[in-house]
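First the structure, in the form of structure tokens, and then the observations on it.
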Amino acid sequence: MRPVIIGMSCGTSYPDPSRLLFLGKSLDYGEQRLSAALARAGALPFLLPVLPDTSLLVALVERVDALVLSGGSDVAPGVYGEAPLRPEWAGDPARDAYEQALLGAALAQGKPVLGVCRGVQLLNAALGGSLYQDIGFQVPGALVHRDAARYDDNEHTVRLHEESWLAPLYDAREILVNSVHHQAIKALAPGLRACAWAPDGIVEAAADERRDIYGVQWHPEWLDPGSPHYDRRSAGDPIFAAFIARVRVRAGLA
């Protein structure tokens, strides 16, 4: 039986005069631990390049079994009908357009989708929801969800919805996750439901299980073997194994 083929969205490093490598060029990139986590869980990951022709992006999605929207830069407020509250929260409209094209193709083709960190934010915004542009600025009393100095050592618990797709993956209803985001879901998109919450009420996971659309705000690919939620059966966090299992069913590979 062939492996599940996963298409991963990429980030773009735009031309930077201070960068000596590929001076003046845009570079598409993927984070290695995400592709490695998908591979360990039994998938064959492919990085989907940024292409100006949307029809080519649609063709790329046709050749994979599922789409993973990866982490990275802020989602531009224009995606959910707002203006940036500060210039530094203007986001990355070019990446938004690219990922919206991939997402639209995946949904039209009935392909499962998993959003990680920025990915769940893009999912929610593209499907008609909204985001907090900055949690600390807009949510009084919120936890520190992003600490630049501690980065993925910054962590907090999340409470899992007992009837969500996440709940069966863990032995507890509360788990510890990393936290590296300053934006988050504000209003859920139609069709999505919250699956996990931080202690301050911030939505940390959402899904439309009927359509196999899933998203988590943390980075499960960064959980190491010392984590209590590391799944030794699939050599990684159980989220990826669970997602790939659902992809197999949807693609007729089970």
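The model shown is predicted, which means the values in this text are computed figures rather than measured ones.
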Test side-chain hydrogen bond (donor to acceptor under 3.5 Å, both in side chains) on Tyr14 and Asp92 and set out the steps. CA-CA 11 Å; Tyr14 299 105; Asp92 189 344; 2.7 Å; yes
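Remark: the backbone N or O of Asp74 is paired with a side-chain donor or acceptor of Arg118 at under 3.5 angstrom. With hydrogens and angles ignored, the 3.5 Å screen pairs a side-chain donor or acceptor of Arg150 with a backbone N or O of Asp153. Although no hydrogens or angles enter the test, the distance criterion places no donor-acceptor pair under 3.5 Å between the side chain of Arg146 and the main chain of Gln183.
Put simply, CD on Glu62 and NZ on Lys111 are 7.0 Å apart, with the number rounded to the nearest 0.5 Å. Of the inter-residue distances, the one linking Leu131 atom CG with Gln121 atom CD reads 5.5 Å to the nearest 0.5 angstrom.
At a threshold of 4.0 Å, the pair Asp28-Arg95 does not count as salt-bridged, since none of the basic side-chain nitrogens sits closer than that to a carboxylate oxygen.
Counting heavy atoms from C-beta outward, Pro112 and Arg246 have side chains that stay 4.5 Å or more apart. At least one side-chain heavy atom of Leu114 sits less than 4.5 Å from a side-chain heavy atom of Phe240.
Residue Val203 is not grouped with residue Val177 when hydrophobic side chains (ILVMFWY) are merged at heavy-atom distances under 4.5 angstrom, including chains of intermediate members.
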Distance-only check: which donor-acceptor pairs under 3.5 Å involve side-chain atoms of residues 186-194, not counting sequence neighbours?
unit_1	atom_1	unit_2	atom_2	d
Lys186	NZ	Glu82	OE2	3.2
Arg193	NH2	Glu163	O	2.7
Arg193	NH2	Glu209	OE2	3.2

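Smallest separation of non-hydrogen atoms from Pro77 and Pro84: CG-CA, 3.9 Å.
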